[in-house]
Amino acid sequence: MLRLMNKISGSTGPVVQKCFSSIAPKPIINPPIKYTELFINNEFVKSSSGKTFDTLNPATGEPIAQVQEGDAVDINNAVAAAQEAFKLGSPWRTMDASKRGMLLNKLADLIQRDANYLATLEALDNGKPYSVALSDDIPGTAGVLRYYAGWADKNHGKVTPIDGNYFAYTRHEAVGVCGQIIPWNFPLLMLSWKIGPALAMGNVVVLKPAEQTPLTALYIASLVKEAGFPPGVVNIVPGYGPTAGKAIVDHLGVDKVAFTGSTEVGQIIAEGAAKSNLKRVTLELGGKSPNVVFSDSDINQAVEGAHYGLFYNMGQCCCAGSRTYVQDSIYDEFVEKSAKRAEKRIVGDQFDPKTHQGPQVDEEQLNKILSMIDSGKKQGATLVTGGSRVGDKGYFVQPTVFSDVKDDMKIAKEEIFGPVQQILKFSDFDEVISRSNNSDYGLAAAVFSKNIDTVNKAIQSFRAGTVWVNCYNVFGVQAPFGGFKMSGHGREMAEYGLQPYTEVKTVIVATPKKNN
């Protein structure tokens with residue numbers, strides 16, 4: 001997700017990959033799986049139930065390791081450890097804010113030290129190409145932690161000129177125990193998006209990684225301890241959503257919950273948070289983002305941007321440009337070029353340096369994608385290329401392009417979360433904006449055009465949290481991310497990402513006499 005813009009040009013991408021593959025460290029063959037237990041109070045422990053679950057290599061469908069399965073009892077233990085760490089007078093509560101920043105920077109140092117192992121583990125457990133994990137996910141993760149390390153002693157209150165003989169000011173204080181539930185598509189990055197601002201502001205954390213991809217989170221837990229964070233500040237409990245995840249949401253000792261995942265689960269979390277202790281909630285949910293290509297755009301740039309915006313990370317991006325609207329006068333040319341571009345995409349083992357696209361994360365996701373492709377064909381969309389599973393081992397899907405897609409088709413309305421591009425035709429500006437905004441989602445949008453008036457009007461018209469212009473999937477920790485409508489609420493990254501982890505306390509002190 002955190003790639004540079006120059007990687008989306010047709011001429012640069014392959015050169016960057018070839019150059020990178022020649023100088024980057026090679027993946028570790030059969031890496032040792034060092035941590036599979038729950039991390040509570042700075043110790044690795046077995047689950048209270050004794051249960052375990054398999055985490056699989058999506059390229060083969062075979063188990064990598066058995067991981068301890070946390071449940072409500074384990075979440076309760078983790079919350080108790082976090083509450084102890086957050087007590088008044090504790091090492092964490094009395095630590096200078098600048099020291100919190102130093103610890104985050106130390107954690108980033110350790111991640112970069114172990115980049116090769118972490119990238120190998122991420123690719124093995126998630127299925128993304130090792131080269132991408134090493135070039136994007138590892139530096140992106142460390143960069144987020146470093147950014148928030150810098151904020152640790154800079155988010156502060158204000159003195160307020162209140163009327164009367166009073167001295168008034170505000171304190172920015174930590175919220176408390178933060179439950180964090182992260183997805184499987186960017187395990188390391190999403191962990192950093194969650195713990196970075198939370199720890200910078202002095203909170204304590206109970207985090208549940210996705211059951212599909214728990215391994216890198218558990219290795220990060222070991223680095224948390226090595227970096228010197230006090231016991232109980234960070235707790236990581238793998239488990240399933242209906243048990244461990246629900247326990248976080250329902251727990252009365254959790255003050256805030258942050259979740260990235262599907263809109264359907266986000267609704268359940270919002271309801272549970274409200275019914276428990278009305279804990280504050282940050283939600284980054286699903287999307288069906290429009291990518292609008294006008295006839296005056298650079299068509300080659302637009303084709304490459306749309307391709308990257310949809311197929312990156314095997315299409316498993318919440319903000320993927322999964323509704324590509326193309327103006328009618330260039331529609332046929334755009335479809336032809338997009339199909340040829342998709343056919344150049346190399347699908348294969350995530351450790352092969354030639355691979356552009358690894359497997360989908362699991363069999364459930366594979367079957368969902370194939371079902372959506374079947375729906376598109378049955379509802380009358382034209383399958384231009386792809387549309388099938390690749391091989392009979394692992395969870396690979398051909399890069400797929402549909403044309404003649406209509407707004408009422410299932411593939412145009414529902415999130416596919418896979419390498420399936422839908423290309424729709426439009427005639428004029430007002431029409432395409434109306435169609436773009438006619439969605440329950442509002443996570444992102446994009447516009448390709450050389451006309452500044454068209455671009456500015458589109459920016460103001462989209463109901464979306466992020467709008468890209470003549471590019472797609474360009475991220476930076478300095479820029480906030482989040483959605484409108486049912487794509488969630490709250491923002492992550494940038495200074496905005498500190499707000500959900502900060503309580504504002506007003507202090508008013510009586511004074512004998514005030515001088516301005």
Side-chain angles (χ1 to χ4, degrees), residues 33-46 67-68 70 74-75 77-86 90-93 95-115 117-119 121-122 125 137-152 174 176-182 186-210 213-239 244 248 258 501:
I33 307 304
K34 300 178 181 181
Y35 302 102
T36 59
E37 296 180 319
L38 319 182
F39 184 74
I40 298 175
N41 210 33
N42 268 14
E43 299 295 336
F44 285 99
V45 299
K46 295 189 182 300
V67 177
Q68 295 290 314
D74 302 298
I75 293 297
N77 293 338
V79 171
Q83 289 176 319
E84 185 68 23
F86 195 68
S90 70
W92 184 243
R93 290 296 296 274
M95 183 182 293
D96 288 340
S98 60
K99 178 67 181 300
R100 295 200 302 266
M102 291 171 64
L103 290 177
L104 283 168
N105 269 319
K106 177 61 175 176
L107 181 57
D109 289 343
L110 295 173
I111 288 170
Q112 291 184 304
R113 180 197 69 187
D114 296 345
Y117 177 78
L118 277 166
L121 203 59
E122 189 86 327
D125 207 17
D137 296 68
I138 302 301
T141 298
V144 169
L145 296 178
R146 293 197 190 285
Y147 176 84
Y148 282 113
W151 269 111
V177 178
C178 298
Q180 302 181 321
I181 304 171
I182 62 172
F186 293 95
L188 280 171
L189 276 169
M190 293 299 99
L191 182 146
S192 70
W193 285 24
K194 297 291 186 292
I195 70 171
L199 298 179
M201 295 300 98
N203 296 279
V204 291
V205 167
V206 177
L207 182 141
K208 190 195 88 66
T213 54
L215 295 181
T216 48
L218 291 173
Y219 188 79
I220 293 294
S222 73
L223 301 184
V224 165
K225 183 175 182 178
E226 183 179 350
F229 284 88
V233 172
V234 176
N235 306 274
I236 297 180
V237 183
I248 289 174
Y501 294 99

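Quick caveat: nothing in here was measured; it's all calculated off a predicted structure.
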**Q** How far apart are the closest heavy atoms of Leu223 and Arg113, and which atoms are they?
**A**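 Nearest pair, atom of Leu223 first, then Arg113: CD2-NH2, 3.8 Å.
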**Q** Got a sec: does the CE of Met102 have more than 12 other heavy atoms crowding it under 6.0 Å?
**A**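 It does not: Met102 CE has 12 such atoms or fewer within range.
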**Q** Any ion pair linking Arg146 and Asp109 (charged N to carboxylate O, less than 4.0 Å)?
**A**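 Judged by the 4.0 Å cut-off on N to carboxylate O distance, Asp109 and Arg146 do form a salt bridge.
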**Q** If every non-hydrogen atom of Leu104 is compared with every non-hydrogen atom of Gly196, which pair is closest and at what distance?
**A**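 Shortest heavy-atom contact: CD1-O, 3.9 Å.
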**Q** Measure the shortest side-chain to side-chain distance between Tyr35 and Ile220 over non-hydrogen atoms and say whether it is less than 4.5 angstrom.
**A**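 No, side chains not in contact.
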**Q** What's the shortest heavy-atom distance between Gly101 and Ala149, and which atoms?
**A**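 Gly101 and Ala149 have their closest heavy atoms at O-CB, 3.2 Å.
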**Q** Report the distance from atom OH of Tyr147 to atom OG of Ser192, rounding to the nearest 0.5 Å.
**A**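 If we round to the nearest 0.5 Å, Tyr147:OH and Ser192:OG are 13.0 Å apart.
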**Q** Tell me, which pairs form a salt bridge (charged side-chain N to carboxylate O under 4.0 Å, His left out) where one or both residues lie in residues 194-207, sequence neighbours left out?
**A**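 For residues 194-207: Lys194-Glu492.
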**Q** Looking only at heavy atoms, which two atoms of Ser222 and Phe44 are closest? And how far apart?
**A**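 That would be N-CZ, 3.9 Å.
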**Q** Is any side-chain heavy atom of Pro209 less than 4.5 Å from a side-chain heavy atom of Leu191?
**A**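 Result no, sub-4.5 Å side-chain heavy-atom pair not found.
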**Q** Output yes when a side-chain donor or acceptor of Glu122 lies under 3.5 Å from a complementary backbone atom of Leu188, and no otherwise.
**A**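 Yes, the answer is positive, given that a donor and an acceptor are paired below the 3.5 Å cut-off.
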**Q** Are Pro187 and Asp125 side-chain neighbours, meaning at least one heavy-atom pair lies under 4.5 Å?
**A**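 They are not in side-chain contact.
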**Q** When rounded to the nearest 0.5 angstrom, what is the spacing between CD1 in Ile138 and CG in Asp114?
**A**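 Between Ile138 CD1 and Asp114 CG, I get 9.5 Å after rounding to 0.5 Å.
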**Q** Could you check whether any side-chain heavy atom of Ile40 comes within less than 4.5 Å of a side-chain heavy atom of Val206, counting everything from C-beta outward?
**A**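 No, side chains not in contact.
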**Q** Distance check, rounded to the nearest 0.5 Å: Gln68 atom CD versus Lys46 atom NZ?
**A**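 Those atoms lie 5.0 Å apart.
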**Q** Nearest 0.5 Å please: distance from the OG1 atom of Thr216 over to the CG atom of Leu118.
**A**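 So the gap between those two atoms works out to 7.0 Å.
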**Q** Are the side chains of Asn235 and Leu38 in touch, meaning some heavy atoms are under 4.5 Å apart?
**A**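 Asn235 does not reach Leu38 side chain to side chain.
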**Q** Please evaluate residues Lys225 and Glu43 with respect to the criterion salt bridge (Lys or Arg N to Asp or Glu O under 4.0 Å), reporting the C-alpha separation (whole Å), side-chain torsions for both, the decisive distance (0.1 Å), and the verdict.
**A** CA-CA 8 Å; Lys225 183 175 182 178; Glu43 299 295 336; 3.2 Å; yes
**Q** Please determine whether side-chain contact (heavy atoms from CB on, under 4.5 Å) holds for the pair Arg100 and Leu103, giving the CA-CA distance in whole Å, both sets of side-chain angles, and the decisive distance to 0.1 Å.
**A** CA-CA 5 Å; Arg100 295 200 302 266; Leu103 290 177; 5.7 Å; no
**Q** Please identify each residue that fulfils side chain to side chain contact (heavy atoms under 4.5 Å, CB included) with Lys34, with sequence neighbours left out.
**A**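 For Lys34 the side chain to side chain contact (heavy atoms under 4.5 Å, CB included) partners, ignoring immediate neighbours, are Pro32, Tyr117, Tyr219.
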**Q** Give, for atom CE of Met190 and atom CD1 of Ile181, the distance between the pair rounded to the nearest 0.5 Å.
**A**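 The CE atom of Met190 sits 14.5 Å away from the CD1 atom of Ile181.
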**Q** Give the C-alpha distance, both sets of side-chain angles, the deciding distance and a yes or no for side-chain contact (heavy atoms from CB on, under 4.5 Å) between Leu218 and Glu37.
**A** CA-CA 8 Å; Leu218 291 173; Glu37 296 180 319; over 6 Å; no
**Q** Hey, does Leu121 have a side-chain heavy atom less than 4.5 Å from the side chain of Ile33?
**A**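 Touching, per the 4.5 Å side-chain cut-off.
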**Q** What are the two closest heavy atoms between Pro230 and Asn42, and how far apart are they?
**A**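 Smallest heavy-atom distance, with atoms named: C-ND2, 3.7 Å.
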**Q** Using every non-hydrogen atom in the two residues, find where Gly232 and Ala85 come nearest and quote the distance to one decimal.
**A**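 Shortest heavy-atom separation between Gly232 and Ala85 comes out as C-CB, 3.6 Å.
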**Q** Does a side-chain heavy-atom distance below 4.5 Å link Asn203 with Trp92?
**A**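 Asn203 vs Trp92: side chains apart.
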